[in-house]
Amino acid sequence: MGTGAVVTWRDTFRTATEAVRTHRLRSALTMLGILIGITAVVLTVGLGQGAKAKVRDQINELGTNVLVVSPGSTTSSTGSRGGFGSASTLTTQDAAALGDKQAAPDITAVAPASTTSVSLVYGTTNWTTTLTGTTPGWKDVRSRGVTTGRFITAADQKSAAPVVVLGPDTVSQLFNSVDPIGKMVTYNGVQLQVIGVLTPLSSNEATSNNDLAIVPISTYAQKLVGGSNRDSVSSIYVKATSAGTLSAAYQEADTLLLNRHKITTATSADFSIATQQSILTAATSVDNTLTVMLAGIAIIALLVGGIGVMNIMLVSVTERIREIGLRKSLGARPRLIRRQFLVEASLLGLAGGVLGVTLGLLGAVLLPQFTDSRVIVSVPASIGAIAMAMGIGVVFGVYPATRAARLAPIDALRSE
Amino acid sequence: MSPSNPDELDTPAVIELVDVTKIYSTGQLEVAALRGVSIRIEENEFVAITGPSGSGKSTLMQILGCLDVPTAGTFRLSGHDVSSFDEDQLADVRNLFIGFVFQQFNLLAYMSAWRNVELPLMYSGVHPAERRERALAALDKVGLADRARHKPGELSGGQQQRVAVARALDTEPAMILADEPTGNLDSTSTADVLDLFHELNREGRTIVLITHEHDIAARAQRIINIRDGNVWPLATADTAWARVPS
Ligand SMILES: Nc1ncnc2c1ncn2[C@@H]1O[C@H](COP(=O)(O)OP(=O)(O)OP(=O)(O)O)[C@@H](O)[C@H]1O
Ligand SMILES: [Mg+2]
């Protein structure tokens with residue numbers, strides 16, 4: 001005796017799958033807990049990833065190697081939020097100065113921009129869009145072009161011509177199938193002639209990039225949205241000559257503007273310069289917090305699922321107490337009984353995990369159809385989620401399995 | 001091996017109980033199910049254990065089957081003191097040396113007959129292919145070769161018990177322990193099962209059979225009569241039985 005009989009893993013798996021299959025409803029309920037938890041984890045992490053990607057895309061759509069100069073100082077970690085409401089400290093003259101190749105050799109294009117939401121009218125059609133007053137440099141900074149017609153020119157700018165370039169989505173909203181070039185749209189009683197249509201940006205939710213109206217900044221300030229200071233702008237876009245000269249361009253813009261505004265200490269600057277990277281960091285840090293919070297909730301859901309596994313496994317042990325006793329009387333060692341229940345629990349976890357990830361993937365496909373959120377589920381995240389589900393099964397299966405293994409064969413056999 | 005019987009030293013008994021006591025404690029209540037039982041069962045014996053209900057027969061069988069441990073006294077199996085075995089060794093003893101047949105059959109309902117029969121072989125680590133072969137051979141022996149794929153629920157009581165016997169014999173254990181194996185069977189099935197036990201005994205296995213029925217006990221080589229947790233000579237037991245007002 002004491003030969004140390006070994007039962008292969010294959011047999012253990014077969015016994016466990018048989019038990020899982022035999023008690024179908026119970027197995028399904030156990031899996032459900034895990035499934036919901038895993039789906040929640042997959043979706044929340046996916047939503048977080050999607051939100052981050054969305055912000056990244058939007059920021060990248062600013063164009064490459066772009067700096068954004070905003071009025072007001074950097075008062076908070078969220079970046080350039082100060083200086084709103086009061087008259088802007090940035091002017092079209094500032095923009096012109098930044099365009100000086102001598103003073104700022106690493107800056108290739110500059111575009112001041114003032115933006116407001118407006119309602120444009122064509123015939124009887126009315127459409128609300130974002131109106132931007134800017135200079136011809138805008139298309140270089142933002143790397144955009146026109147599909148038909150032309151962009152605004154320096155001449156338009158000089159004469160404050162009543163012309164407008166529309167985004168492709170704006171055109172389809174206002175004009176249906178009519179050729180918009182040469183047509184007149186009205187804003188606030190001012191007639192603007194459509195001179196061009198912007199190329200569409202192929203992005204998932206680039207609505208703000210495809211639905212917009214561009215007018216010369218002079219037209220914007222003098223004829224359309226005249227404020228207290230007709231020279232002030234809400235931001236200045238600056239494009240560096242290359243990725244390598246971005247920080248040099250940053251320095252040049254900073255020095256130039258500090259000089260123009262007669263500010264000696266950099267800390268009291270009345271403007272701030274953001275890089276795409278800094279905007280991205282600020283935006284995604286908010287998303288990260290949200291993702292962590294949501295994932296926390298999802299993990300709690302998963303824990304509840306795990307406790308469900310334990311609960312149902314304990315019921316299972318009690319219910320199958322005679323089976324355990326019989327197996328022991330036929331020579332099953334305690335360790336083997338323990339292993340069998342553990343494998344059973346991890347199989348339930350695995351199945352719940354696979355189903356949960358499948359449901360999560362389904363949600364990732366369906367959710368964006370109903371909301372404008374993007375859900376990104378990566379392969380490593382899916383594998384991680386499945387592994388987590390299995391782990392939950394094992395961890396919460398230990399106690400019931402140990403209890404089963406400890407049962408005295410005779411107590412188990414005798415119970416009815 | 002018992003020091004009190006030096007003349008038997010050279011023929012080691014399969015089973016030797018010396019002064020075995022079993023006390024069940026449930027809360028404040030203490031029930032002495034066995035009170036100093038000393039018995040020897042030789043190799044290849046066919047022993048019937050009889051006695052009134054509650055006398056301790058099942059308790060005795062559970063100790064013989066290493067399913068339970070005595071409160072006091074010694075239980076030796078082929079000369080080994082069973083109290084020195086750990087859980088794993090006890091499991092191995094049950095697996096390799098003992099075949100159980102229970103009154104309630106104790107087959108797993110969700111497995112077919114042959115899968116039930118191969119269970120102890122799985123715990124001995126026998127290869128699946130050989131397991132199947134041996135399980136089918138055992139079923140053939142009990143006359144149920146054609147029922148191998150049936151679930152226990154699809155078999156009659158007598159057939160289920162024969163499956164249980166097949167399960168008990170396919171590890172070729174030295175001893176078969178049966179606790180009222182025919183208690184739930186009709187006379188034909190009882191005869192079938194008993195014939196099987198006698199055949200196994202002829203093959204060299206020790207059979208310990210608990211029964212209430214006199215004619216079943218009468219076919220055994222020896223009858224051990226238990227009363228009130230003690231072994232009684234049969235005649236004395238009968239007299240005692242007659243004297244006790246019930
Ligand atoms: N687990 C237990 N806890 C407490 N008392 C028990 C336990 N098992 C058995 N007993 C008691 O021990 C005594 C012997 O029981 P046992 O089951 O051995 O009798 P038996 O001879 O097999 O009876 P039967 O012929 O009715 O099966 C009985 O008084 C019984 O009540
Ligand atoms: Mg009994």
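Reckoned from all heavy atoms, side chains included, excluding hydrogens, waters and symmetry mates. Keep in mind the model is a prediction, meaning the values are calculated, not measured. In what follows, chains are A, B, ... by sequence order, proteins preceding strands, each numbered from 1.
- Neither the backbone nor the side chain of A:R21 has a heavy atom closer than 4.5 Å to any heavy atom of chain B.
- Heavy-atom distances place no part of A:R406 under 4.5 Å from chain B, backbone and side chain included.
- Checked by atom type, the side-chain pair B:Y123/A:R333 shows no donor-acceptor distance below 3.5 Å.
- Closest of all the heavy-atom pairs between B:F100 and A:S329 is CE1-O, 3.3 Å.
- A:R322 places none of its side-chain heavy atoms less than 4.5 Å from the side chain of B:L108.
- Between B:R94 and A:L330, the closest side-chain pair of non-hydrogen atoms is not below 4.5 Å.
- Nearest heavy-atom pair, B:A91 versus A:A332, reported as atom, atom and distance to 0.1 Å: CB-O, 3.8 Å.
- Taking a cutoff of 4.0 Å between a charged side-chain nitrogen and a carboxylate oxygen, A:R14 and B:E118 qualify as a salt bridge.
- Side-chain atoms of A:T15 and B:M122, non-hydrogen and from C-beta on, do get closer than 4.5 Å to each other.
- Between B:R115 and A:E18 there is a salt bridge, with a side-chain nitrogen of the basic residue lying less than 4.0 Å from a carboxylate oxygen of the acidic one.
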Run the side chain to side chain contact (heavy atoms under 4.5 Å, CB included) check on B:Q104 and A:L413 step by step: do they pass? CA-CA 10 Å; B:Q104 288 91 358; A:L413 262 181; over 6 Å; no
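- Rounded to the nearest 0.5 Å, atoms CZ (A:R335) and CG (B:D88) are 4.5 Å apart.
- Of the listed residues A:R320, A:R327, A:K328, the one with more heavy-atom pairs under 4.5 angstrom with chain B than any other is A:R327.
- Side-chain contact between B:P128 and A:R10: present, with at least one pair of heavy atoms (C-beta onward) separated by less than 4.5 Å.
- Summarising the geometry, atom CD1 belonging to A:I410 is positioned 11.5 Å from atom SG belonging to B:C66; distances are rounded to the nearest 0.5 Å.
- Interface remark: A:A408 contributes no atoms to any contact with chain B (heavy atom separation under 4.5 Å).
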